[in-house]
Amino acid sequence: MTTLEATNITVALGTLILAFFTWRAARASQAAAEATKGAARAARDEADATARLAAQAEQDRELAWRPHLVVECRRVTKYPDNTIGVELTVRNVGRGAALGAVVWGYEGHGAASSWGKSPAMAIAASANTEMMVLQLDPPGQGSFPEGLFDGVEREQQGSRLVIVTC
C-alpha cells in the first residue's frame with residue numbers, strides 16, 4: 001500500500017465519520033425543531049385558555065355586582081271597581097343597587113288577564129326590601145307591552161324588568 005492510498009483511505013474514513021456525526025446532528029436538530037413546534041402549540045393553547053378565563057372572570061365580576069331581585073306575591077285583592085291590587089315584597093339580594101327597577105305583574109290568563117306596573121324603584125343592595133301594592137287594570141282592559149321583552153330596549157331605558165304572576 002502506498003502512501004497515497006493510505007492517505008485516500010484515511011480521508012475517506014474521516015469523511016465517513018464526519019458524515020455520520022453530521023447526520024446525528026441533523027436528526028437532533030430535527031427533533032429539537034419538532035419539540036419547539038409542540039411547545040409553540042402548547043403555548044398558543046394556553047394563551048387561548050387564559051383569554052377565555054379572563055373573559056369569564058370579567059363576566060363573573062360584572063354579574064356579582066348586579067342587583068338580583070326576588071319578588072314575593074303576598075296577597076291579591078279584587079276591588080269593587082273590578083281592579084286588582086297585588087301586595088308584593090321586592091327584595092334585592094344582589095350586591096348592586098337596583099336603580100329604576102320596574103315590576104310588571106299580571107293575574108289571570110289570555111284576554112281575561114289583568115296587567116299593571118309599579119313606578120320605578122331604587123332598592124339598595126344586600127337584602128334591602130321594598131313593600132308595595134301593585135294596581136292591575138280590570139281584566140281584559142290592559143295589555144302587556146311586548147316591546148319590553150327586547151333586552152336592548154330595556155337596557156336603553158335603564159330599567160330592570162320583573163314579571164310576577166299571582
Which residue is it: Leu18, Val11, Leu13? I am looking for the one with a side chain to side chain contact (heavy atoms under 4.5 Å, CB included) to Thr15.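 The option that passes is Val11.
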Please tell me whether Ile17 and Trp23 are part of a single hydrophobic cluster in this structure, the criterion being side-chain heavy atoms less than 4.5 Å apart.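 Yes, Ile17 connects to Trp23 through the hydrophobic network.
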Got a second to check how far Thr2's OG1 is from Asn8's CG, nearest 0.5 Å?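 Answer rounded to 0.5 Å: 8.0 Å.
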Phe21 side, atom CZ; Leu16 side, atom CG - distance, nearest 0.5 Å: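 Going from CZ on Phe21 over to CG on Leu16, the span is 10.5 Å.
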Answer yes or no: is there a donor N or O on one side and an acceptor on the other, between the side chain of Asn92 and the main chain of Leu69, under 3.5 Å?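 Side chain of Asn92 to backbone of Leu69, a donor-acceptor pair under 3.5 Å: no, none is there.
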If we only count heavy atoms from C-beta on, is the Arg41 to Lys37 side-chain gap below 4.5 Å?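 The answer is yes; the side chains approach within 4.5 Å.
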What heavy-atom pair brings Ala125 and Gly94 nearest, and what distance separates the two atoms?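 Minimum heavy-atom separation between Ala125 and Gly94: CB-O, 3.5 Å.
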Could you list the residues that satisfy salt bridge (charged side-chain N to carboxylate O under 4.0 Å, His left out) with Glu5, not counting sequence neighbours?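 Testing Glu5 for salt bridge (charged side-chain N to carboxylate O under 4.0 Å, His left out), a comparison that skips the adjacent residues, returns none.
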